Asker: 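Have a look at this one.
Computed from a prediction, not measured in an experiment: that's the story for all the values here. Numbering of ligands and ligand atoms starts at 1, following listing order.
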Amino acid sequence: MISEGQGPSAGRRLSGRIVAATHNVGKLREIQELLGLYRVDAIGAGCLGLNEPEETGFTFSDNAVLKAEAAARAAGEAALADDSGLCVAALGGAPGVHSARWAGEARDFAGAMARIEEELLSAGAPRPWRAHFISALALAWPDGRTDVFEGRVDGELVFPPRGSRGFGYDPIFRPDGHSRTFGEMFAEEKHGLPSDGSLALSHRARAFQKLARRFLQF
Ligand code: ITT
């Protein structure tokens with residue numbers, strides 16, 4: 001049963017440890033940082049020897065659910081998956097759910113970022129080049145229930161890429177209201193989680209805030 005962040009959840013709390021259903025080390029680090037704030041440990045799917053399921057969904061949520069449920073079934077414990085990507089307005093939302101695929105087997109994100117710039121230039125897209133990141137977090141419980149939370153952050157693309165922090169497309173994404181790219185920010189700045197509960201910065205931290213409100217406590 002999939003719940004879009006609503007419905008009966010009385011008494012459910014995440015604590016102790018959870019499987020992070022990802023093989024992406026940059027993402028795993030961010031998930032560990034976010035859950036660590038609540039003293040929950042996240043163990044990567046790779047460390048447990050879990051396979052990477054094929055991402056056959058058409059939406060971020062579909063793929064997040066597919067990954068979380070496969071890991072929860074295989075591990076017999078709660079699993080959290082993130083499906084995310086960069087959507088470029090002038091490219092009709094590409095690379096979107098294909099963000100990882102644009103970097104190929106070699107995970108060549110320099111090449112993927114260069115391809116985005118080339119496609120924008122050859123389309124004659126007027127600047128600023130608007131884009132957003134989306135993160136869908138799916139939390140699959142061992143009893144078959146799955147909860148999904150989405151976060152989004154809007155901004156502009158900058159070329160050449162700036163900064164070497166973060167991962168993936170971070171060096172070309174400058175979130176609205178900021179002068180630096182995600183690639184130039186330290187992890188805490190990219191998460192941008194305020195202590196007063198107001199809106200976080202990154203797409204992943206925004207999705208995580210919704211999850212935390214439901215299932216985590218200090
Ligand atoms: P898993 O499926 O194992 O989690 P993946 O890298 O294949 O790893 P996705 O299918 O969700 O993950 O692909 C999302 C891609 O979008 C990811 O590889 C990054 O390149 C990019 N991306 C997502 N979030 C990002 C972020 O916060 N900063 C930079 N790039 C990001």
Side-chain angles (χ1 to χ4, degrees), residues 19-34 42-71 74 79-88 91 93-116 131-140 148 150-155 157-158 161-175 178 180-193 200-208:
V19 178
T22 178
H23 289 77
N24 177 320
V25 292
K27 225 192 242 190
L28 174 61
R29 190 176 54 241
E30 292 195 0
I31 290 171
Q32 286 172 328
E33 287 161 359
L34 292 167
I43 176 149
C47 295
L48 294 175
L50 304 182
N51 291 331
E52 271 189 86
E54 212 189 322
E55 297 184 25
T56 51
F58 291 105
T59 66
F60 294 107
S61 291
D62 288 347
N63 283 330
V65 168
L66 188 148
K67 291 187 275 190
E69 292 186 345
L80 178 66
D82 163 292
D83 199 71
S84 46
L86 180 69
C87 305
V88 181
L91 300 182
V97 291
H98 299 128
S99 292
R101 261 172 256 175
W102 275 37
E105 289 282 312
R107 296 277 185 255
D108 173 13
F109 283 97
M113 290 187 282
R115 176 174 167 192
I116 289 177
H132 61 268
F133 270 119
I134 296 266
S135 163
L137 289 178
L139 175 55
V148 187
E150 275 203 17
R152 165 179 174 148
V153 58
D154 288 85
L157 298 183
V158 301
R162 296 192 334 221
S164 55
R165 300 197 177 99
F167 66 98
Y169 298 92
D170 279 341
I172 57 169
F173 185 81
R174 188 174 57 69
H178 293 259
R180 301 193 300 155
T181 67
F182 274 166
E184 294 173 299
M185 294 184 184
F186 288 102
E188 308 81 68
E189 291 175 274
K190 178 181 170 186
H191 298 318
L193 270 171
L201 179 57
S202 81
H203 48 311
R204 189 162 295 106
R206 287 179 176 179
F208 180 78

Asker: R204 vs S84, test: side-chain hydrogen bond (donor to acceptor under 3.5 Å, both in side chains). Steps then yes/no.
Answerer: CA-CA 8 Å; R204 189 162 295 106; S84 46; 3.1 Å; yes

Asker: For atom 13 (O) of ligand 1, what is the nearest protein heavy atom, given as residue, atom name and distance?
Answerer: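 Sorting protein heavy atoms by distance from atom 13 (O) of ligand 1 puts A100 CB, 3.4 Å first.
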
Asker: Residue-level breakdown please: for F133 versus ligand 1, do any non-hydrogen atoms fall below 4.0 Å on the side chain, on the backbone, on both, or on neither?
Answerer: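 Under 4.0 Å from ligand 1, F133 contributes side-chain atoms alone.
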
Asker: Judged by modelled atom types alone, do E33 and H191 share a side-chain donor-acceptor pair under 3.5 Å?
Answerer: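 The criterion, which ignores hydrogens and geometry beyond distance, is satisfied for H191 and E33.
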
Asker: Distance under 4.0 Å to a non-hydrogen atom of N24: what atoms of ligand 1 satisfy this?
Answerer: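 So the atoms of ligand 1 that pass are 3 (O), 6 (O), 8 (O), 17 (C), 18 (O).
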
Asker: Within 45° of the six-membered ring axis of F186 and under 6.0 Å from that ring's centre, is NZ or CZ of R165 located there?
Answerer: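 Judged by the rule (NZ or CZ under 6.0 Å from the ring centre, within 45° of its axis), R165 counts as positioned above F186.
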
Asker: Between D82 and K67, does at least one N-O distance fall below 4.0 Å, as a salt bridge requires?
Answerer: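 No, D82 and K67 are not salt-bridged.
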
Asker: Using non-hydrogen atoms of the residue, decide whether F173 is closer than 4.0 angstrom to ligand 1.
Answerer: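 No, F173 has no heavy atoms under 4.0 Å from ligand 1.
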
Asker: Among all protein heavy atoms in this structure, tell me which lies nearest to atom 10 (O) of ligand 1, with the distance rounded to 0.1 Å.
Answerer: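 Nearest protein contact, heavy atoms only, for atom 10 (O) of ligand 1 is E55 OE1, 3.0 Å.
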
Asker: At less than 4.0 angstrom from any non-hydrogen atom of S84, what atoms of ligand 1 do you find?
Answerer: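 This gives 11 (O), 13 (O), 14 (C), 15 (C), 16 (O), 23 (C), 24 (N) as the contact atoms.
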
Asker: Hey, which atoms in ligand 1 end up nearer than 4.0 Å to a heavy atom of S99?
Answerer: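 That gives atoms 15 (C), 16 (O) of ligand 1.
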
Asker: Backbone N or O of P171 within a donor-acceptor pair of the R162 side chain at under 3.5 Å?
Answerer: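 Between the backbone of P171 and the side chain of R162 there is no qualifying donor-acceptor contact (under 3.5 Å).
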
Asker: Spell out, as yes or no, whether a donor-acceptor pair under 3.5 Å connects the side chain of E184 to the backbone of T181.
Answerer: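 The answer is yes, because a donor-acceptor pair under 3.5 Å joins these two groups.
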
Asker: Got a donor-acceptor contact below 3.5 angstrom from the D170 side chain to the F167 backbone?
Answerer: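 Yes: the side chain of D170 pairs with the backbone of F167.
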
Asker: Which heavy atom of the protein is the closest neighbour of atom 1 (P) of ligand 1, given with residue, atom name and distance?
Answerer: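 Protein heavy atom at minimum distance: T22 OG1, 3.5 Å.
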
Asker: Side chains of E150 and S135: is there a donor and an acceptor less than 3.5 Å apart?
Answerer: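 Absent: no donor and acceptor within the cut-off.
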
Asker: Counting each atom of ligand 1 from 1 as listed, which ones have a heavy atom of H203 under 4.0 Å away?
Answerer: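 Checking each atom against H203, I get 24 (N), 25 (C), 26 (C), 27 (O).
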
Asker: Do R115 side-chain atoms and W102 backbone N/O form a donor-acceptor pair below 3.5 Å?
Answerer: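 It does not hold such a pair.
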
Asker: Does the side chain of H132 come under 3.5 Å of the side chain of R152 through a donor N or O and an acceptor N or O?
Answerer: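 R152 and H132 do have a side-chain donor-acceptor pair below 3.5 Å.
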
Asker: Around atom 12 (O) of ligand 1, find the nearest protein heavy atom and jot down its residue, atom name and distance.
Answerer: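 The protein heavy atom lying closest is K27 NZ, 2.8 Å.
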
Asker: Which atoms of ligand 1 are found less than 4.0 Å from any heavy atom of D83?
Answerer: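 Taking each heavy atom of D83 in turn, ligand 1 has 9 (P), 10 (O), 11 (O) under 4.0 Å.
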
Asker: Please determine whether any non-hydrogen atom of S202 lies less than 4.0 Å from an atom of ligand 1.
Answerer: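 False for this residue.
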
Asker: Can you pull out the closest protein heavy atom to atom 30 (N) of ligand 1? Residue, atom name and distance to 0.1 Å, please.
Answerer: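 The answer is Y169 N, 3.1 Å.
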
Asker: Would you say ligand 1 has an N or O under 3.5 Å from any N or O of E30?
Answerer: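 So ligand 1 has no N or O lying under 3.5 Å from an N or O of E30.
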
Asker: Among H23, M113, R204, K67, which one puts a heavy atom closest to atom 2 (O) of ligand 1?
Answerer: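 Ranked by closest heavy atom to atom 2 (O) of ligand 1, first place is K67.
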
Asker: Looking only at protein heavy atoms, identify the closest one to atom 28 (N) of ligand 1 and say how far it is in Å.
Answerer: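 Result: D170 OD1, 2.6 Å.
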
Asker: Which of the atoms in ligand 1, numbered in the order shown and given with their element, are less than 4.0 Å from a heavy-atom of K190?
Answerer: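 Every atom of ligand 1 under 4.0 Å from some heavy atom of K190: 26 (C), 27 (O), 28 (N).
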
Asker: Check G57 against L66 and note the closest heavy-atom contact, atom names and distance.
Answerer: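 Shortest heavy-atom contact: N-CD1, 4.2 Å.
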
Asker: Under a 4.0 Å heavy-atom limit, does F167 contact ligand 1 with its side chain, its backbone, both, or neither?
Answerer: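 Answer for F167: both.
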
